[in-house]
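Working notes for the structure below.
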Amino acid sequence: TDTFKNLAGEPVSVADDFGSIIVVSSWASWCPQCADSFPKLSEVTSEFIDKDVVVYAVNRGEDAYSVERYLSTIQKPDNLKFLLDPTDYYFRNSTGYAMPETIVYNKKGEVVLHQRGELRLAELKETLHKLTE
């Protein structure tokens, strides 16, 4: 079974994106710094749109209603793939301990960057440029 759901509550298979470069940022509505990462993730999504890079914003264990209500209070980027992770499976299995956490996986599925805390855009872009050259 799929762990993730989209904002409409439909199951999402991230396996469809295996073989791409995948950026995953964990977030929650109770994390004030997390919303600051959304515009940066949106910028990455736009800049690498033709480079086989997929960007996910994975919520940590909150229900769809809470997530939607929270996202309606901020400027939610339209180009970000927001995923719900009702059981917090991803964060618990990614050695997460800070918020937000942003992880980049290369096309082989190996972790090539793991940022804990505030998303550092320059470092993230530098890593993605190296992977997409």
Side-chain angles (χ1 to χ4, degrees):
T1 63
D2 281 302
T3 307
F4 306 109
K5 295 182 182 323
N6 63 20
L7 293 177
E10 303 157 339
V12 173
S13 178
V14 295
D16 294 345
D17 294 313
F18 291 174
S20 298
I21 297 160
I22 300 175
V23 179
V24 181
S25 187
S26 297
W27 71 279
S29 64
W30 45 261
C31 163
Q33 302 83 6
C34 291
D36 295 341
S37 67
F38 296 156
K40 298 172 185 175
L41 292 168
S42 176
E43 186 176 323
V44 166
T45 299
S46 297
E47 186 170 329
F48 292 90
I49 194 150
D50 298 326
K51 302 277 190 187
D52 205 17
V53 174
V54 181
V55 181
Y56 288 115
V58 177
N59 177 268
R60 292 196 51 206
E62 297 177 285
D63 65 84
Y65 175 76
S66 301
V67 169
E68 283 283 10
R69 200 174 73 199
Y70 171 73
L71 291 175
S72 72
T73 67
I74 64 166
Q75 283 197 300
K76 175 176 107 28
D78 293 333
N79 66 345
L80 264 188
K81 292 184 179 189
F82 284 91
L83 297 182
L84 303 174
D85 184 8
T87 62
D88 201 19
Y89 174 87
Y90 176 77
F91 189 83
R92 288 185 291 111
N93 288 280
S94 66
T95 65
Y97 71 80
M99 285 291 284
E101 293 225 0
T102 305
I103 302 177
V104 177
Y105 300 90
N106 67 16
K107 291 185 177 195
K108 295 177 186 168
E110 302 160 332
V111 173
V112 293
L113 178 66
H114 190 155
Q115 293 184 346
R116 299 182 191 281
E118 183 182 349
L119 189 151
R120 295 174 299 286
L121 186 59
E123 182 186 25
L124 177 57
K125 284 185 177 186
E126 182 183 330
T127 300
L128 293 174
H129 281 297
K130 286 179 185 167
L131 291 173
T132 57
E133 282 173 354

Measure across L71 and F82 and return the closest heavy-atom pair with its distance rounded to 0.1 Å. CD2-CE2, 3.9 Å

In this structure, CG of N59 is separated from CH2 of W27 (nearest 0.5 Å) by 4.5 Å

Is a donor from one side chain sitting under 3.5 angstrom from an acceptor on the other, for E62 and S29? yes

Please find the pair of heavy atoms, one from K40 and one from L119, that lie closest to each other, and give the distance. NZ-O, 3.0 Å

On a heavy-atom basis, which atom in P39 and which in P77 lie closest, and how many Å separate them? N-CG, 4.4 Å

Any donor and acceptor pair, going by atom type alone, linking the side chain of E68 with main-chain N or O of Y65 inside 3.5 Å? no

Connected via hydrophobic side-chain network under 4.5 Å: V14 and Y90: yes

Are L113 and L131 in one and the same hydrophobic cluster, where Ile, Leu, Val, Met, Phe, Trp and Tyr link if side-chain heavy atoms are under 4.5 Å apart? yes

If you count the non-hydrogen atoms of other residues, nucleotides and ligands that lie under 6.0 Å from NZ in K51, is the total more than 12? no

Group every Ile, Leu, Val, Met, Phe, Trp and Tyr by side-chain heavy-atom contacts under 4.5 Å, then state whether L128 and Y105 land in the same group. no

Does any non-hydrogen side-chain atom of I103 lie less than 4.5 Å from one of Y56? no

As an exercise, state the distance from OG1 of T95 to CZ of R116, rounded to the nearest 0.5 Å. 4.5 Å

Pairs touching residues 85-98 that satisfy salt bridge (Lys or Arg N to Asp or Glu O under 4.0 Å), sequence neighbours left out: R60-D88

Are there over 12 heavy-atom neighbours, none belonging to E110, within less than 6.0 Å of that residue's CD? yes

Between L41 and S25, what is the shortest heavy-atom contact and its length? CD1-CB, 3.5 Å

Heavy atoms from other residues, nucleotides or ligands near CG of N93 exceed 12 (cutoff 6.0 Å): yes

Grouping ILVMFWY residues whenever side-chain heavy atoms fall under 4.5 Å, the cluster of W30 otherwise contains F91, M99

Shortest non-hydrogen separation from Q115 to E123 and the atoms involved: NE2-OE1, 2.9 Å

Can you give me the closest heavy-atom contact between Y70 and A35, atom names plus distance? OH-CB, 3.1 Å

Any sub-3.5 Å donor-acceptor pair from S37's side-chain atoms to Q33's backbone N or O? no

